[in-house]
Amino acid sequence: MNVPSPDNNEDNGEDTFLDESDIINEYDIDEEELPDADEEGGSDGEEEFDGTDDSIHIFTGHTGELYVAACSPTEATLVATGGGDDKGFLWKIGQGDWAFELQGHQDSVSSLSFSADGQLVASGSLDGVIKIWDIAKGDLKCTLEGPDGGIEWLRWHPKGHVILAGSEDSSVWMWNADRASYLNVFTGHGGSVTCGDVTPDGKTICSGSDDATMRIWNPRTAEAIHIVRGHPYHTAGLTCLTINSDSTLVLTGSSDGSVHVVNISTGKVLLPCFVSLLLLIFCCGRFFKASK
């Protein structure tokens with residue numbers, strides 16, 4: 001092995017200077033274009049905010065922290081927000097004189113979701129109640145009750161007015177919003193059901209929990225088709241999940257800092273990976289199709 005000469009590579013405690021023979025090229029610089037030291041940002045190298053507000057709309061109806069926001073799938077300017085002031089609102093970007101309050105919740109509004117056809121919006125609260133709102137009429141369509149804990153998330157069936165809710169009481173509930181009727185309850189998790197969704201084909205439900213498991217359900221029978229847990233799956237509670245467009249794979253994230261890909265039909269963990277790989281399989285919030 002060749003060892004570099006100490007004379008060329010070690011500091012030896014002496015100052016080192018460049019001479020003319022070390023110059024490769026010369027460039028002319030206009031000193032007036034160089035930024036001053038105090039214009040380069042903070043001491044940590046981050047650019048400082050100059051105080052300019054470049055937003056196109058500000059909604060000021062809430063009086064507390066915001067916890068959730070959702071956009072209509074059919075009307076680009078229609079937004080729903082909810083927060084710690086126990087209120088939800090519908091409002092429109094660019095129309096500061098229009099807002100509709102989603103009234104009646106007794107605790108923080110923690111979840112909001114628009115139906116796929118954009119006709120309804122559901123609001124869920126830590127009071128354990130879901131309210132369904134008719135957007136065109138500006139009226140409360142129905143109130144859905146059942147869970148004993150706060151609502152963690154809401155999802156609509158992709159092909160109808162069927163709504164799913166995950167609760168802090170370890171259960172998932174399903175109702176027909178048009179009839180205000182209970183359809184099924186999915187039980188078996190050992191902790192708060194923190195995330196869930198319906199597959200795009202509408203045939204399967206996936207839910208994740210603080211108990212570090214994911215359950216894959218038959219929506220008609222409420223039977224757990226698969227329970228995904230243990231090595232090599234997550235070692236701590238699930239925080240999020242998303243399903244690919246052809247309803248074959250589900251990607252789950254956990255507070256243990258890992259993400260996993262699971263085959264929905266078999267319940268098998270396909271690809272253990274860490275958060276740094278998330279960008280390889282996510283693009284603009286959509287899960288790439290993966291080979292089966």
Q: Under the side-chain contact (heavy atoms from CB on, under 4.5 Å) rule, what do Leu102 and Lys131 come out as? Steps first, then yes or no, please.
A: CA-CA 8 Å; Leu102 310 177; Lys131 293 181 178 291; over 6 Å; no

Q.
One pair to check against side-chain hydrogen bond (donor to acceptor under 3.5 Å, both in side chains): Ser192 and Glu152. What are the steps and the verdict?
A. CA-CA 8 Å; Ser192 179; Glu152 291 272 12; 2.7 Å; yes

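Taking the six-membered ring for Trp and the full ring otherwise, the centers of Phe114 and Trp156 sit at least 6.0 Å from each other.
Of all heavy-atom pairs between Ala80 and Leu90, the closest is CB-CD2, 3.7 Å. Heavy atoms only, all atoms of each residue included: Pro73 and Ala116 are closest at CG-O, 3.7 Å. Residues Leu241 and Cys206 share a closest heavy-atom pair of CD2-O, 4.0 Å. Contact between Thr204 and Pro219 at its shortest, heavy atoms only, is CA-CD, 4.1 Å. For the pair Ser247 and Ile243, the tightest heavy-atom approach, listed with the atom from each and the gap, is CA-CG2, 4.2 Å. In plain terms, the two heavy atoms of His234 and Ser258 that are nearest each other are ND1-OG, 3.0 Å.
With contacts defined as side-chain heavy-atom distances shorter than 4.5 Å, the pair Asp197/Trp153 does not qualify. Looking only at side-chain heavy atoms (C-beta outward), Tyr67 and Leu112 stay at 4.5 Å or farther from each other.
Looking only at distances, a side-chain donor or acceptor of Ser125 sits under 3.5 Å from a matching main-chain atom of Ser108. At distances below 3.5 Å, not a single donor-acceptor pair connects side-chain atoms of Thr242 with backbone N or O atoms of Leu251. At least one donor-acceptor pair under 3.5 Å links the side chain of Asn184 to the backbone N or O of Arg220. Remark: side-chain polar atoms of Ser113 are not paired, donor with acceptor, to backbone N or O of Ala122 under 3.5 angstrom. Side-chain N or O atoms of Asp85 include one that pairs as donor or acceptor with a backbone N or O of Thr63 at under 3.5 Å.
Residue Arg215 holds its CZ atom at 13.5 Å from CD1 of Ile205, rounded to the nearest 0.5 Å. With rounding to the nearest 0.5 angstrom, the OG atom of Ser123 is 8.0 Å from the CG atom of Leu140. Distance check: Ile132 CD1 to Leu144 CG gives 5.0 Å after rounding to the nearest 0.5 Å. A distance of 13.0 Å separates CZ in Arg179 from NE2 in His161, rounded to the nearest 0.5 Å. For the atom pair Ile151 CD1 and Ile130 CD1, the distance stands at 3.5 Å (nearest 0.5 Å). Atom CD of residue Gln119 and atom NZ of residue Lys141 lie 8.5 Å apart, to the nearest 0.5 angstrom.
Between Asp54 and Thr52, the side chains place no donor N or O within less than 3.5 Å of an acceptor N or O (distance only, hydrogens not considered). Inspection of the Asp178 and Asn176 side chains reveals no N or O donor paired with an N or O acceptor under 3.5 Å.
Using a 30° and 60° split on the angle between ring planes, His260 and Tyr233 fall in the tilted class, from 30° to 60°. Under the 30°/60° scheme for interplanar angles, the aromatic rings of Trp173 and Trp175 are found to lie parallel.
Residue His189 forms a side chain to side chain donor-acceptor pair (under 3.5 Å) with just one option from Thr213, Asp210, Thr194, Asp169, and that option is Thr213.
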